[in-house]
Amino acid sequence: MNDEARIDDPDTDAFWAAAREQRLVYGRCQRCVGVVFYVRRSCPHCGASAVELEESAGNGTVYCATVVRRHPMPQFREECPFTLAWVDFDEGFRMLTRVLGDSDDAAIGARVKVAFVEHGGQLLPCVKPGADAA
Amino acid sequence: MPVSIAGIHEFPHRVARGWSPLQIKAHCANAALADAGLTLADVDALYDAGESGGIMHAVSVAQYLGIEPRVVDSTDTGGSAFEVHVAHAVRDLEAGRARVALLTYGSTMRSRPPAGPPPSVRDYLTPAVAMERPWGLIVPASYGLLAARHAHEYGTTPAQLAQIAVDTRAHALRNLEAVTGLADLNVRQQGELTVDDVLGSPLVADPLHVLDCCLVSDGGGAVVLVAGDLAPDRPQRPVWVLGTGEAVGHVSNGSDITTTAGAISGPQAFAQAGVTPADIDVAMLYDSFTITVLVALEDLGFCAKGEGGPYVEDGRLRWDRPGAPALNTDGGGLSSTHPGMRGIFLLIEAVRQLRGESTAQVPDAELAVAHGTGGTLGARHVTGTVVLGKERA
């Protein structure tokens, strides 16, 4: 992860630990079975402190996307332009991520699949065009 | 609701070299109190958004001003904090806990930007932000994501968004302080804008261009509210707080990011005021980006959801066009001032309009709305809506 984003956080650390193993994970409440994302201990649906990690198949649909053309931080500025998107994964969680490749492939509604990219010393879950059938 | 705004002041400069945020706050506080015929000794309720920094920021401001208020409120909801402060001040003054409420703002974001991450990301070290920053999400990108989804769902075009920037610039050019500011800020295009000018400016985060984005300036201001029994004795005619609303929104699994918390805070404020959007003469709507205005127009009910584009595209929001409210008549954050948290300027210009003192004065303006959008649309945000009137309800 980038230094700018690193926090010692008992909620999201497990997400990044899984990413290091090229696994995309989300939360599932063991009481109400609600999907929890971002991952956190306390379930925002029922209040139980019973959220456990589950592994996503990594297939999703672009909810919206933008091409970032200017950035104040040097490590991102040199990567401009790049495409950011909110992606709705098939398991029911929405994650902010980066779409790899041509921005034309990041149209709203496009099917995408997770792809892990080395970035700032961290494996970052991004997406690339194409996904298994929903 | 017998609480009124009795005093206002806006710091005149957009570049304030040699000033600190606290100095700007104190300067504006004293000027707004003088406008209200009061002094710091009269202030017994202090509201502070924390932009001048430090821990326990409201206490630091109280100490700097040399006051020991009985009510202190350090609500920080980003740029909407001042609309939320008005809601809280009305609550406190009506309950009899205080009689004179002071709101202040001071920022040197332009001339002395804080070190480290962009200051608009004040909630940097939260789990939610830790799930956005590593991919490079910044504020304009979040609004770009919102605008892209809005375009997808409703067909909103870049030209429709651009019209908001065009109208707002026309208002700024009537405001000498804004005109001077555009020069002091070295803005590339300082005159009238066309839709083509906006569309020809560089893209920042698709579909938003440079001229869809607010300025980054220094600035500040202050607002004084008084309890009902103090209103009759003030030098300026009172501007009454008729209704308020506040609400929180954030992106979540399956949520619709094109609808903001304004859909809650707006109707709440209008209902309390007993008015409808059709009654409003002046709409002071937070304009961090053109899309911020467009979704506010929809969520407050000036037009239906999804119809913001067609609603704005004929320029009906200009100050001299009857049949629709005048938008951001001081020149807005797009073309007058945006030091990071613009909410106080929405209140100040709304009061100017209802006093008849605006540089883009709507004839016989009787009702205004100030609607703040704090935080980041598309990620997490707080809206505050305040309906103000020339006459008491």
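Reckoned from all heavy atoms, side chains included, excluding hydrogens, waters and symmetry mates. Chain letters run A, B, ... following the sequence lines, proteins first and then strands; every chain starts at 1.
- Between chain A and the residues B/Ser142, B/Ala151, B/Pro207, B/Ser255, the largest count of heavy-atom pairs under 4.5 Å involves B/Ser255.
- Every residue two or more places apart in sequence or in another chain was checked for a ring pair (Phe, Tyr, Trp, His ring centres under 6.0 Å) with B/His57, and none qualifies.
- Highest contact tally toward chain B, considering only A/Leu84, A/Val36, A/Asp88, A/Val117, is held by A/Leu84 [criterion: heavy-atom pairs under 4.5 Å].
- Scanning residues 246-254 of chain B against chain A with a 4.5 Å non-hydrogen threshold yields B/Val251, B/Ser252, B/Asn253, B/Gly254, sorted by number.
- In this structure, no portion of A/Ala107 lies under 4.5 Å from any heavy atom of chain B.
- Both the backbone and the side chain of A/Pro125 come within less than 4.5 Å of a heavy atom of chain B.
- Using a 4.0 Å cut-off between charged nitrogen and carboxylate oxygen, B/Asp206 and A/Arg69 count as a salt-bridge pair.
- In this structure, A/Lys128 places its NZ atom where only 12 or fewer heavy-atom neighbours from other residues, nucleotides or ligands lie under 6.0 Å away.
- Note that A/Arg40 lies in the cation-pi zone of A/Tyr38, set by a 6.0 Å cut-off to the ring centre and a 45° limit from the axis.
- For B/Tyr143, the ring pair (Phe, Tyr, Trp, His ring centres under 6.0 Å) criterion is met by B/Phe289, not counting sequence neighbours.
- A salt bridge does not link A/Glu52 to A/Arg28: none of the charged nitrogens lies less than 4.0 Å from a carboxylate oxygen.
- Contact count versus chain B (heavy atoms, under 4.5 Å) is highest, among A/Arg94, A/Glu79, A/His71, for A/Arg94.
- In this structure, chain A has no heavy atom under 4.5 Å from any part of B/Leu208.
- Chosen from A/Thr83, A/Thr66, A/Val35, A/Thr97, the residue pairing most often with chain B at heavy-atom distances under 4.5 Å is A/Thr66.
- B/Ser336 and B/Arg14 share a donor-acceptor pair across their side chains, judged by distance under 3.5 Å alone.
- Enclosure of atom CG in B/Leu199 by more than 12 non-hydrogen atoms of other residues, nucleotides or ligands within 6.0 angstrom is indicated.
- Both the backbone and the side chain of A/Tyr63 come within less than 4.5 Å of a heavy atom in chain B.
- Counting heavy-atom pairs under 4.5 Å between each of A/Gly92, A/Cys64, A/Cys80 and chain B puts A/Cys64 at the top.
- Between B/Tyr286 and B/His338, the ring planes lie perpendicular to each other; the angle is over 60°, past the 30° to 60° tilted range.
- Annotation: maximal heavy-atom pairing with chain A below 4.5 Å, among B/Ala148, B/Ala128, B/Pro140, B/Gly378, occurs at B/Ala128.
- Enclosure of atom CZ in A/Arg77 by more than 12 non-hydrogen atoms of other residues, nucleotides or ligands within 6.0 angstrom is indicated.
- Partners of A/Phe15 according to the ring pair (Phe, Tyr, Trp, His ring centres under 6.0 Å) rule, which considers only residues two or more places apart in sequence or in another chain, are A/Phe37.
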